[in-house]
Amino acid sequence: MKVAFLLMPANLIFVIGFFISRIKVLPNMSLSCGYGSITIDGYNVYKLLDRHREGVVRYGCMAHVRRKFVEALHTDSHSAKVVQLISELYWVESDCRIHFLSGSERVLERKKRSIPVLHELWQLLKRIFDETKDLAATLFIKAVRYAVHEWEAVCRYVTNGQAEIDNNTAERLMKPICLGRKNYLFFGSEQAAKNTSLVYSIIESCKMNGLRPVKYIADVLRKLISGDTDYMALLLMNIENNLIINQKYNSRWAIIPLR
């Protein structure tokens with residue numbers, strides 16, 4: 001299994017970490033991330049962050065909530081209403097991006113438009129949750145229970161203008177890895193998987209920062225061969241003309257499991 005970490009400090013850095021199991025993710029992540037925020041799904045291990053990791057704020061992923069109701073569309077008519085309300089939340093986010101709103105402006109826009117929608121959505125979900133407590137779990141009921149249990153986490157983004165509504169950015173960046181996995185199928189060994197993760201991290205981080213991966217890697221190798229030992233200067237976020245990209249972002253993580 002691979003887990004992707006999307007870190008966003010002064011520059012955009014995309015790190016692929018290889019772990020045998022998602023249970024191994026939390027302790028490894030805790031050692032390398034002292035503060036910031038993390039956008040993840042509702043896997044139980046990740047919820048330990050809420051109780052045991054000071055300085056790290058866990059944000060839920062609305063896309064995961066929506067996906068479960070989309071899967072239940074053919075089983076219960078209430079799913080359509082939930083999907084429609086969640087779509088309204090995404091329209092707000094789309095308008096914020098189109099108009100290049102700052103973090104504080106995004107918060108004001110969300111309070112004005114998103115909070116009323118979230119309130120209506122909560123009233124619907126909580127009523128169904130209470131009515132179906134003793135019923136067998138269908139796709140729709142599972143979706144409702146997941147949403148209710150994750151509600152606090154998925155609503156936190158509203159008060160933070162730097163936080164996103166979901167981790168879809170990291171999901172999209174995982175596509176090359178998914179395509180590659182279908183072609184080569186196996187890494188050969190655990191160490192090979194870790195090495196591949198490192199290469200993917202460099203390539204995707206270059207693309208996020210507007211650098212050509214082949215040129216960047218060639219330049220770094222050339223300098224290393226010539227005896228350059230200033231490793232910090234070789235990091236892509238320290239490359240000249242690349243220092244002012246995305247200064248508005250704070251540290252943010254997103255985790256996506258690949259089964």
Side-chain angles (χ1 to χ4, degrees), residues 4 6 8 12 36-43 46-47 49-50 56-132 139-175 246 248-250 252-257:
L6 175 61
M8 304 174 95
L12 296 176
S37 57
I38 177 170
T39 304
I40 48 180
D41 58 50
Y43 184 51
Y46 301 153
K47 293 180 181 179
L49 285 167
D50 292 333
V56 177
V57 180
R58 186 180 77 90
Y59 292 87
C61 176
M62 189 65 77
H64 280 80
V65 174
R66 181 184 181 278
R67 190 176 304 149
K68 293 181 183 299
F69 285 102
V70 170
E71 292 172 353
L73 279 173
H74 66 285
T75 64
D76 194 292
S77 59
H78 289 95
S79 293
K81 178 62 176 177
V82 176
V83 171
Q84 182 257 321
L85 288 172
I86 294 176
S87 296
E88 292 182 23
L89 297 174
Y90 275 91
W91 277 115
V92 177
E93 298 305 303
S94 178
D95 288 344
C96 290
R97 286 191 294 271
I98 290 172
H99 294 95
F100 300 101
L101 299 188
S102 65
S104 58
E105 290 171 334
R106 291 178 81 182
V107 171
L108 292 175
E109 191 71 9
R110 287 168 173 174
K111 287 182 177 179
K112 177 182 177 182
R113 298 171 57 189
S114 298
I115 288 182
V117 177
L118 286 168
H119 178 73
E120 181 180 354
L121 182 57
W122 173 249
Q123 296 301 316
L124 174 61
L125 293 174
K126 189 62 168 63
R127 177 178 59 80
I128 297 172
F129 179 80
D130 292 337
E131 292 174 353
T132 59
L139 282 175
F140 176 70
I141 292 176
K142 286 181 179 179
V144 171
R145 291 172 181 172
Y146 178 86
V148 170
H149 292 149
E150 278 291 282
W151 189 254
E152 184 179 351
V154 297
C155 291
R156 283 182 184 141
Y157 81 96
V158 175
T159 57
N160 183 354
Q162 305 301 336
E164 297 295 339
I165 192 172
D166 57 34
N167 61 5
N168 279 350
T169 300
E171 293 269 9
R172 287 191 294 270
L173 289 170
M174 294 299 289
K175 286 185 177 180
N246 293 307
K248 62 181 181 179
Y249 288 102
N250 295 317
R252 185 161 75 252
W253 294 50
I255 295 185
I256 308 94

| message | Measuring only between side-chain heavy atoms, which start at C-beta, is V92 closer than 4.5 Å to E88? | response | no

| query | Minimum heavy-atom separation for C61 to V154, with atom names? | reply | N-CG1, 3.9 Å

| task | State, to 0.1 Å, how close E150 and G60 come at their nearest heavy-atom pair, and which atoms those are. | result | OE1-CA, 4.1 Å

| Between E93 and R97, does at least one N-O distance fall below 4.0 Å, as a salt bridge requires? | no

| task | Give, for atom OG of S114 and atom CG of L121, the distance between the pair rounded to the nearest 0.5 Å. | result | 11.5 Å

| query | What pair of heavy atoms forms the shortest contact from A147 to L125, and how long is it? | reply | CB-CD1, 3.8 Å

| task | Measure the spacing between CD of Q162 and OH of Y59 and express it to the nearest 0.5 Å. | result | 9.5 Å

| said: Between L118 and M62, is there a side-chain heavy-atom distance shorter than 4.5 Å? | reply: yes

| query | Can you check whether H149 reaches F129 side chain to side chain, under 4.5 Å on heavy atoms? | reply | yes

| remark: Value for CG (N160) from OG (S104), rounded to nearest 0.5 Å, stands at 11.5 Å

| query | Which heavy-atom pair separates H99 from D95 by the least distance, and what is that distance? | reply | ND1-O, 2.9 Å

| message | Nearest 0.5 angstrom please: Q123 CD to L85 CG, how far? | response | 11.5 Å

| query | Which residues pass the ring-ring contact (aromatic ring centres under 6.0 Å, His included) test with W122, sequence neighbours left out? | reply | W151

| message | To the closest 0.5 Å, what do you measure between CD (E105) and CZ (R110)? | response | 12.5 Å

| request: Could you tell me whether the side chain of L89 reaches within less than 4.5 Å of the side chain of Y157, counting heavy atoms only? | output: yes

Side-chain donor-acceptor distances from residues 71-82 under 3.5 Å, at least two apart:
unit_1: H74; atom_1: ND1; unit_2: E71; atom_2: O; d: 3.2
unit_1: T75; atom_1: OG1; unit_2: A72; atom_2: O; d: 2.8
unit_1: D76; atom_1: OD1; unit_2: H78; atom_2: N; d: 2.8
unit_1: D76; atom_1: OD1; unit_2: H78; atom_2: ND1; d: 2.9
unit_1: S79; atom_1: OG; unit_2: A72; atom_2: O; d: 3.4
unit_1: S79; atom_1: OG; unit_2: D76; atom_2: O; d: 3.4
unit_1: K81; atom_1: NZ; unit_2: Q84; atom_2: OE1; d: 3.3

| query | Do any N or O atoms from the side chain of S94 and from the backbone of Y90 form a donor-acceptor pair under 3.5 angstrom? | reply | no

| field | Reference residue E109; test salt bridge (charged side-chain N to carboxylate O under 4.0 Å, His left out); the match among R113, K112, R106 | value | R113

| said: List the residues meeting side chain to side chain contact (heavy atoms under 4.5 Å, CB included) with T132, not counting sequence neighbours, and say none if there are none. | reply: I128, L135, I141

| field | Heavy-atom side-chain proximity of R66 to V83 below 4.5 angstrom | value | yes

